[in-house]
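Reminder, nothing fancy here: chain letters follow the sequence lines and each chain counts from 1.
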Amino acid sequence: MDKAYLHTQYEEEISKLWEKFDAFNPDRVRVYKTNHSPALPVTDKTFTIVMPPPNANDPLHIGHAMFVALEDAMIRFHRMLGDDTLWAPGTDHAGIETQFVFEKKLKKNNQSRFQFDRETLYKMIWDYVQENSGIAQNQMKKMGASADWSRFTFMLDPKVVEIVLETFVELYQKELIYRDYRLVNYCTKCGTAFSELEVKHIEQTDPLYYIKYGPFTIATVRPETKFRDTALAVNPEDPRYKEWLGKTLEIPGLLGPITMTVIADEEVDPEFGTGIMKVTPAHDPHDFELGKRYNLPVTPIITLDGRMDFNWFFEKAEKEEIDPKYLERAHKYHGKKVAEARKLMVEDLKEDGLLVKTDEKYLHTIGTCYRCGTTIEPLPLPQFFVKVQPLTEKVLHALKDGDVKVIGAGHDKILKHWLENLKDWNISRQIVWGIRIPVWYSVKENPDLEIHFTDNGQRVSGKIGELLKTYSFEQISQTLQELRPPMNARYTVALQSPGDEYLQETDTFDTWFSSAQWPYTCLQSHSEKDFERFYPTQVMETGYDILPFWVMRMLMMGLFKTQKVPFETVYLHGLVRDQKGQKMSKSKGNVINPLTVIEQYGADALRMALVIRSTPGLDKSVGDPDFRAMRNLTNKIWNAARYIKEGLSRVESDVQEEKGLINQSKNNEEFLDKLRTLTTQVTQQITDYKLGLAAETLHNEFWHWFCDECIEQTKKGELSPEVLSRGLVTFLKLFHPFMPYVTEAVWQQLRQEPLPWLSITDDAECMILSSWPTQSSVTL
RNA sequence: GCUCGAUUAGCUCAGUUGGUUAGAGCGCACGAUUCACAUUCGUGAGGUCUCAGGUUCGAGUCCUGAAUCGAGCACCA
């Protein structure tokens, strides 16, 4: 054996060995274990983990290494126990993330998504993702992930898509899907709506403008929306405004007077600002609700690209006399971005003497897009929603009954909080890269359907009824970019087009709508038998940062679709931070690339450094010293084995006669006792999902007890070689889930030739297929 | 504002149902070493376990309160 363990020399070879034995495939493992003589233990339990699918087009980062290290440890442990063990791998299409990356690429080539019809664009992204699809898989293999790659699933595999569509139809039939016109969280930069979860609230200082509003003064941070105010609201108890209640007024403004009624609503806080507020149902969620209660019209002034739209005013100008000054202003504002228009308006307000005062340091919270940071614009849009309450109810019951257990520093309470306060889930996304919503609009029944399509690369927009006079239905449907069906559009929910001249909805599902179904789609996509055999799964292991996005929704959908919780235990790991405990980020330059660590220190060192002393739900700091220390551990394991294989015989002959070996039998007994205790302890720790603790226990006992004390004892003849070797084998097996490569490499070394004090030829050819140590197996 | 988590050695963190002198890695000091491993070994320094109460024969661990840091949610024009 080499003097030191050289990971670069063994890792690839060992991976090939595991592949040769097909050791990740539960079917083959069963056969191997039963046929082996003597037969290796096989239980009647299953153990399944469905892998959190990484984005198919992304290289892996340290967070992925964390999940590989933890999940693979659990998987290898259960495989060794003899359970029917499956780790089902896959990747995600990652809708918005991927499309965004792809659009950036287009931009570099001076192209834009609007040059392509949706089908072409989809194909282009598909090809792009396919190009990169092997990367994630290969990187996970390098980490030693013993997932069954023959059962690999991609989120957009036809079978998966089919199931996702069926689920939508089923939800619809059970009246858990509805289409509604309401304010949605829209990111004008990403060009799509989001659910409440994707909105990140941040504190920000903005000017609060006090504007003269006829006889009143109102305070607002958004003067740009005031043109479309539909009412004024006051608290019914406020004595200042009692006389105005129910009165309709002409309020002078930048574009002439607006007619408004003063309404009373309990929710208006008399203490805030001036105690009177303007109501803009089209651009404020609170006002939208208020507007609903009082039947106010929804009159948008901001477009989906975040620009001011004064077309309504120009239309009005055609019908009635408008002061040219106002018309000029409207033209000035029209088409401007919101922030820019606001500046112009404030200037004009000053000019008209309508600006009473400005509070420049007004601190408030605004919603921003979680991915690009753009301020979220609440815009009225018809979208498909999932009625969540009947679904969350079931999850809360399951949690209460203990059907599913969440492990991770109080995150179970956060989950409960989410479930109790969840709003209906907007699942419509205005992007191409995803699963298209199976909703169909008849062209004949909906002549007002607003559509965009391409004609020789040029974007054409308009109402379908009109456009059909110039273009054929075929041409439109083939080069369709998007539909904007009005709220009253008639639609059919169906897997296939219900007839001729139907256009399918162009919105796609929220990525999480398909991810939420991953535990069953992933298993069903290969065979119904797999689903019966491995579902429900045992563990869902993932980062706490996607608890509401993913875990919560998997529970909701799993219970809806299968009447079972999709997994019994949720294990949440924390963020991986750098050595100083700081978040990793490209801008800080403290990002650790797992592949670099593997090259330098080996996959085992990387895995062990991440797992040792990690605690579910809490963040973990790692750095070079940790990787180095764990690399040293791999070497320590290697050298302990080298001593047993090559050093013991020399020691034997030297010491045997003179020392008399009086204490040997007593020491041997004590050694085996402790080894048994340790085996039980580590087994229990892993079973209890205390993997960080198990790894630490192993490290300490191996290094400071087994190596520092026991190996030294054998040199003095105080411990027998047979007993020590048994100790090594036991440690190797206990270590294997955490450090698969070095333990397997040593195992192969020990199997090469029989040693007089160690017989393992009865055991499996690979450590990965060997059996987990038990009380009774730790003996001579 | 509501909810949750954290606070233990110079740094990063463990501490397994409450039980002897509280641990690891890294760092530090001194020493050893052809005998598995310098990716090593030995010895040592370094902790009023955030603070204040309480329960208990016994508290880092359980309870109450406070402080600081962090997270999630809600924040009103």
Measure [atom1]/[X] against [atom2]/[N] and give the value in whole Å, please.
X	N	atom1	atom2	value
A:K690	B:rC13	NZ	P	20 Å
A:I686	B:rU16	CD1	C1'	13 Å
A:F627	B:rU12	CZ	P	17 Å

- Query: Under a 4.0 Å N-O cut-off, is there an ion pair linking A:D673 with A:R676?
  - Reply: yes
- Item | Per-nucleotide protein contact string for nucleotides 19-29 of chain B, where B marks a base within reach and S marks sugar-phosphate only (heavy atoms under 4.0 Å, - for neither) | -----BSS---
- Where along nucleotides 60-70 of chain B does protein come under 4.0 Å, by heavy atom, of base (B) or sugar-phosphate alone (S), with - for untouched nucleotides? -----------
- Donor/acceptor link under 3.5 angstrom from A:K3 side chain onto base of B:rC37: no
For [N], does OP1 or OP2 lie under 4.0 Å from any side-chain N or O of [X]?
X	N	value
A:S621	B:rC13	yes
A:T615	B:rA14	yes
A:K413	B:rG5	yes
A:K416	B:rC73	no

- Query: For B:rG72, which nucleotide is its Watson-Crick or G-U wobble mate, given both distances must be under 3.5 Å?
  - Reply: B:rC2
- Could you verify whether a donor N or O on one side chain and an acceptor N or O on the other, from A:T261 and A:Y294, lie under 3.5 Å apart? no
- Task: Give one of base, sugar-phosphate or nothing for A:I711, where a contact means two heavy atoms less than 4.0 Å apart.
- Result: base
- Task: Looking at every strand, decide which applies to A:E203 at a 4.0 Å heavy-atom threshold: base, sugar-phosphate, or nothing.
- Result: base
Report, one line per pair, each donor and acceptor closer than 3.5 Å where one atom sits in a side chain of residues 684-695 of chain A; sequence neighbours left out.
from: A:Q684; atom 1: NE2; to: A:D688; atom 2: OD1; distance (Å): 3.1
from: A:Q684; atom 1: NE2; to: A:D688; atom 2: OD2; distance (Å): 3.4
from: A:Q685; atom 1: OE1; to: A:T697; atom 2: OG1; distance (Å): 3.2
from: A:Q685; atom 1: NE2; to: A:T697; atom 2: OG1; distance (Å): 3.3
from: A:T687; atom 1: OG1; to: A:T683; atom 2: O; distance (Å): 2.6

- Given RNA chain B, 5'-ward residue of the pair A:H201 and A:Y5, judged by closest heavy atom: A:Y5
